[in-house]
Amino acid sequence: MIAYRLHHEPGTVEMITRVRKGEFGELRYFTSTFAQNVREENSRGHNGYWGGPVPDMGTYPLNAVRNLFGEEPVAVHAVGTKTPSRGFNFHDTVAVTLRFPGERLAQFTVSYATAPSESFTLVGRNASIHASPCFMFGPKVGIAYVEKTEDGETEHRFDPVEQFGNETEYFSDCILNDSHPEADGEEGLLDMRVLEAVARSLDTGETVSLEPRTRTRSVEPDQALTLKSATQPTEDDMINIIPQSA
């Protein structure tokens with residue numbers, strides 16, 4: 001099993017389930033921002049192999065849109081920048097455009113060099129949803145989204161849950177009952193091939209085409225779990241660490 005904690009978070013599972021039922025109409029595009037201000041001294045700021053926001057944070061909007069669209073991208077283009085005042089040895093801000101079958105588009109921007117930000121917007125023919133928070137976790141972080149139609153807006157808020165505990169409970173149940181987990185190696189591979197294409201596009205400046213692919217599994221409604229959030233330790237409770245945020 002691949003540790004995709006949001007595959008067991010109730011708000012995320014609800015959005016994916018409602019999309020699959022067609023409640024927002026035919027989906028047309030997705031946009032997302034996921035950013036944080038990372039210290040260069042932190043391990044995330046100077047990893048020797050494939051460091052930076054693309055492999056670290058890009059997985060979240062990518063996995064979200066793949067599951068919301070229920071399809072795999074067929075083309076990838078990326079543009080990266082390096083903030084002059086920062087000491088990263090990789091692109092610290094990257095914008096990615098994905099083309100999906102059916103002329104659907106997705107775009108997301110990830111960054112290690114800005115104020116924290118996390119949101120996504122999904123637009124269909126009948127409705128749109130704007131989700132924020134949508135990727136993070138913690139005892140005070142509850143996923144939420146606003147649904148907009150011609151009749152008005154509806155807010156959907158979910159209590160914080162122990163996201164890591166949820167995925168562990170799910171995996172344990174798979175082991176005990178000899179069942180195949182949903183987020184298996186195929187799911188991880190389908191994300192990795194896109195992230196690798198992002199890296200190639202950053203190197204070449206060109207759009208990278210991908211072979212058409214389909215998934216054999218998808219997120220199911222009963223994967224949503226509601227374990228209560230554990231107490232989160234403070235940085236003072238831990239030893240020998242360099243705080244992540246600048």
Side-chain angles (χ1 to χ4, degrees), residues 1-15 32-64 83 85-94 108-120 131-145 156-176 181-183 187-188 191-192 195 223-246:
M1 177 176 162
I2 307 296
Y4 285 110
R5 54 184 168 77
L6 289 168
H7 285 216
H8 309 286
E9 189 284 318
T12 304
V13 173
E14 179 179 286
M15 285 185 276
S32 179
T33 299
F34 194 19
Q36 57 185 317
N37 197 3
V38 174
R39 293 173 182 262
E40 288 90 331
E41 299 86 357
N42 184 269
S43 62
R44 296 188 179 208
H46 58 81
N47 275 326
Y49 175 71
W50 207 17
V54 170
D56 180 18
M57 304 172 72
T59 310
Y60 291 89
L62 171 59
N63 193 263
T83 305
S85 60
R86 304 301 296 270
F88 298 115
N89 62 353
F90 44 70
H91 293 100
D92 57 58
T93 302
V94 178
F108 65 82
T109 300
V110 289
S111 180
Y112 266 11
T114 69
S117 178
E118 61 164 313
S119 66
F120 73 71
S132 183
C134 56
F135 302 132
M136 290 299 289
F137 60 91
K140 297 182 179 179
V141 179
I143 303 299
Y145 69 96
H156 304 260
R157 303 196 68 87
F158 296 83
D159 292 334
V161 295
E162 181 46 57
Q163 295 185 24
F164 297 97
N166 281 348
E167 67 182 3
T168 303
E169 180 175 286
Y170 173 83
F171 186 40
S172 297
D173 184 73
C174 288
I175 294 172
L176 293 171
E182 175 270 323
E187 177 71 349
D191 272 338
M192 286 297 295
L195 295 175
Q223 288 178 213
L225 301 175
T226 56
L227 291 177
K228 292 183 179 180
S229 295
T231 301
Q232 182 171 309
T234 67
E235 291 178 351
D236 291 338
D237 294 327
M238 296 180 279
I239 61 172
N240 196 29
I241 68 166
I242 295 174
Q244 174 176 304
S245 299

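Scope of the values below: all heavy atoms of this structure, side chains included, with no hydrogens, waters or symmetry mates.
- For the pair K140/Q232, no side-chain contact is recorded, criterion being any heavy-atom separation below 4.5 Å from C-beta on.
- Screening N63, N166, T12 for a side-chain hydrogen bond (donor to acceptor under 3.5 Å, both in side chains) involving H7 leaves a single residue, N63.
- For residues 50-61, the pairs satisfying salt bridge (Lys or Arg N to Asp or Glu O under 4.0 Å) are R44-D56, with sequence neighbours left out.
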Open item on the list: Is there a side-chain contact (heavy atoms from CB on, under 4.5 Å) between T59 and L195? Walk through the geometry before answering.
Closed with: CA-CA 8 Å; T59 310; L195 295 175; 3.5 Å; yes
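- Looking at residues two or more places apart in sequence or on another chain, you find a salt bridge (charged side-chain N to carboxylate O under 4.0 Å, His left out) between E187 and R66, R215.
- The number of heavy-atom neighbours closer than 6.0 Å to CG of D173, taken from other residues, nucleotides and ligands shown, is above 12.
- The backbone N or O of C134 lies less than 3.5 Å from a partner atom in the side chain of E118, making a donor-acceptor pair.
- In this structure, the side chain of E162 engages the main chain of A230 through a donor-acceptor pair within 3.5 Å.
- Aromatic pair F164/F137: ring centres closer than 6.0 Å.
- For the atom pair NE2 of H91 and OG of S111, the computed distance is 12.5 Å after rounding to the nearest 0.5 Å.
- No side-chain donor-acceptor contact under 3.5 Å links S119 to the backbone of A131.
- Under the side chain to side chain contact (heavy atoms under 4.5 Å, CB included) rule, S117 has a single partner from T33, V110, T109, which is T33.
- The two residues V38 and G45 come nearest to each other via the heavy atoms CG1-N, 4.3 Å.
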Open item on the list: Go through it in stages, so that I can follow the logic: the residues are F135 and M57, the test is side-chain contact (heavy atoms from CB on, under 4.5 Å), and I'd like the CA-CA distance, side-chain angles, deciding distance and then a yes or no.
Closed with: CA-CA 9 Å; F135 302 132; M57 304 172 72; over 6 Å; no
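- Counting only N and O atoms by type, the side chains of D92 and T83 include a donor and acceptor under 3.5 Å apart.
- When the side chain to side chain donor-acceptor pair (under 3.5 Å) test is applied to E14, the partners found at least two apart in sequence or on another chain are Y145.
- Of all non-hydrogen atoms in S229 and G138, the two that sit nearest each other are OG-O, 3.8 Å.
- What you find for G52 and Y112 is that their closest heavy atoms are O-OH, 3.5 Å.
- Residue Q163 holds its CD atom at 5.5 Å from CD1 of I143, rounded to the nearest 0.5 Å.
- Of all non-hydrogen atoms in C174 and P181, the two that sit nearest each other are SG-CA, 3.8 Å.
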- [ ] Walk me through it: do F120 and Y60 pass the test side-chain contact (heavy atoms from CB on, under 4.5 Å)?
- [x] CA-CA 10 Å; F120 73 71; Y60 291 89; over 6 Å; no
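- More than 12 heavy atoms of other residues, nucleotides or ligands sit less than 6.0 Å from atom CE of M136.
- A tilted orientation is assigned to the rings of Y170 and H8, their planes being inclined by 30° to 60°.
- Closest heavy-atom contact between A183 and Y4: CB-CD1, 3.8 Å.
- Scanning all heavy atoms of the two residues, the minimum distance from P133 to G142 falls at CD-O, 3.6 Å.
- Contact annotation: the side chain of N37 approaches that of R86 to within less than 4.5 Å [non-hydrogen atoms, C-beta and beyond].
- Atom CZ in F88 sits 9.0 Å away from atom OG1 in T93 (nearest 0.5 Å).
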